[in-house]
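Take a look at the structure set out below.
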Amino acid sequence: MYNNLDPLLHSQLRLAIVSILISVEEAEFSFLQEKTESTSGNLSVQVDKLKEAGYIKVIKTYKGKYPLTKCAITKKGIKAFDEYVANIQRYLKPNK
Amino acid sequence: MDTQTVQNLELIQKMIKTAQRRFADQSNFYLLWGFAISLACIIQYILMKINSPYINLVWLVIIPIALVLQVIFVVKKRKTERVRTHIESLMGKMWIAFGISLGIVLSFAGHLKENTYPIVLCLYAISVFVAGGALQLTSLYVGAVCCWVLAIVSFFVPFETQLLLLAAAVIVAYVIPGIIIKSAYRNNQDV
């Protein structure tokens with residue numbers, strides 16, 4: 001009736017990260033932390049998982065003297081997110 | 001129905017809204033160019049009235065100063081921005097395209113003669129209209145319509161009067177929306 005939901009996205013924090021990144025070109029780590037209301041440790045672990053899956057890319061740079069981490073969604077991430085949303089919709093409205 | 005699936009759908013909507021509602025305060029750019037161009041037009045008009053030999057000097061002084069301030073604002077914005085939305089990125093490209101088009105028109109002003117400023121006003125109208133759509137700001141739409149109307153009028157008036165019309169257009173299309181954007185940003189409201 002419906003496809004299995006992507007286990008990588010079927011987690012609240014990872015889904016929140018991808019949902020933010022799908023709406024923007026790029027976002028700083030601190031912005032993601034603030035909007036997802038997560039700890040830096042937990043966020044860092046989930047960001048790494050998404051990066052390993054190729055769903056997001058992580059850009060390490062500098063702002064003045066300080067290191068800065070930015071995240072952006074990849075084409076693979078956009079496709080996975082679209083499929084996840086389509087599967088949820090099918091799941092909620094199975095007759096369609 | 002799986003509760004987590006429903007919660008996830010709500011989470012997606014919440015996160016997308018959170019990210020999309022953000023707009024960096026870009027009022028400085030509107031105020032800078034609005035004041036720079038209107039000031040240059042008014043000074044040039046006065047210089048023409050008093051038959052000064054330095055009528056074009058005002059642009060050679062004011063525009064480089066405005067460009068330096070523009071670079072400072074861009075560097076400052078890059079340092080403070082934590083997220084860049086697709087709309088902001090698209091707007092950046094639109095302003096680059098506008099700058100190139102404006103540069104080409106002004107470079108060939110000798111060929112266009114008294115048609116230069118009406119064409120410049122049309123370029124202003126396009127950029128301000130698109131910005132109005134991106135920021136959902138009525139005052140920018142009003143500014144765009146004002147630029148189009150003044151562009152038509154400019155085809156029928158002498159060069160001196162065109163200067164005053166250009167000054168009026170940038171005050172309506174840049175300065176007033178700039179003040180509204182700054183005020184909305186300070187009050188932390190959606191513009």
**OP:** Could you walk me through whether B:V83 and A:E28 pass the side chain to side chain contact (heavy atoms under 4.5 Å, CB included) test, one step at a time?
**Re:** CA-CA 6 Å; B:V83 61; A:E28 286 183 14; over 6 Å; no

Taking atom [atom1] of [X] and atom [atom2] of [Y], what is their separation to the nearest 0.5 Å?
{"X": "A:S19", "Y": "B:I12", "atom1": "OG", "atom2": "CD1", "result": "4.5 Å"}
{"X": "B:L9", "Y": "A:I88", "atom1": "CG", "atom2": "CD1", "result": "5.0 Å"}
{"X": "A:E26", "Y": "B:H86", "atom1": "CD", "atom2": "NE2", "result": "10.5 Å"}

Does one hydrophobic cluster hold both [X] and [Y], with members joined at side-chain heavy-atom distances below 4.5 Å?
{"X": "A:I17", "Y": "A:I78", "answer": "yes"}
{"X": "B:I63", "Y": "B:I55", "answer": "yes"}
{"X": "B:I65", "Y": "B:F29", "answer": "yes"}
{"X": "B:L106", "Y": "B:I43", "answer": "yes"}

Just wondering, more than 12 heavy atoms not from [X] lying within 6.0 Å of its [atom1]?
{"X": "B:F108", "atom1": "CZ", "answer": "no"}
{"X": "B:F159", "atom1": "CZ", "answer": "yes"}
{"X": "B:F73", "atom1": "CZ", "answer": "yes"}
{"X": "B:K182", "atom1": "NZ", "answer": "yes"}

Subject >> Expected output: side-chain B:R82 to main-chain A:S30 donor-acceptor under 3.5 Å >> reply: yes

Subject >> N/O donor-acceptor pair under 3.5 Å between A:K63 side chain and B:K79 backbone >> reply: yes

Subject >> Atom of B:M15, atom of A:I20 and distance for their closest heavy-atom approach >> reply: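 Smallest heavy-atom distance, with atoms named: SD-CD1, 3.5 Å.
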
**OP:** Below 4.5 Å from any heavy atom of chain B, which atoms of A:V85 appear? Answer side chain, backbone, both or neither.
**Re:** side chain

Original post:
Which bit of A:F81 comes within less than 4.5 Å of chain B, counting heavy atoms only: side chain, backbone, both or neither?
Top reply: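 Just its side chain gets close to chain B.
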
Subject >> B:Q7 portion near chain A, given a 4.5 angstrom heavy-atom threshold >> reply: both

**OP:** Apply side chain to side chain contact (heavy atoms under 4.5 Å, CB included) to the pair B:T85 and A:E25, showing each step before the final yes or no.
**Re:** CA-CA 5 Å; B:T85 65; A:E25 195 165 88; over 6 Å; no

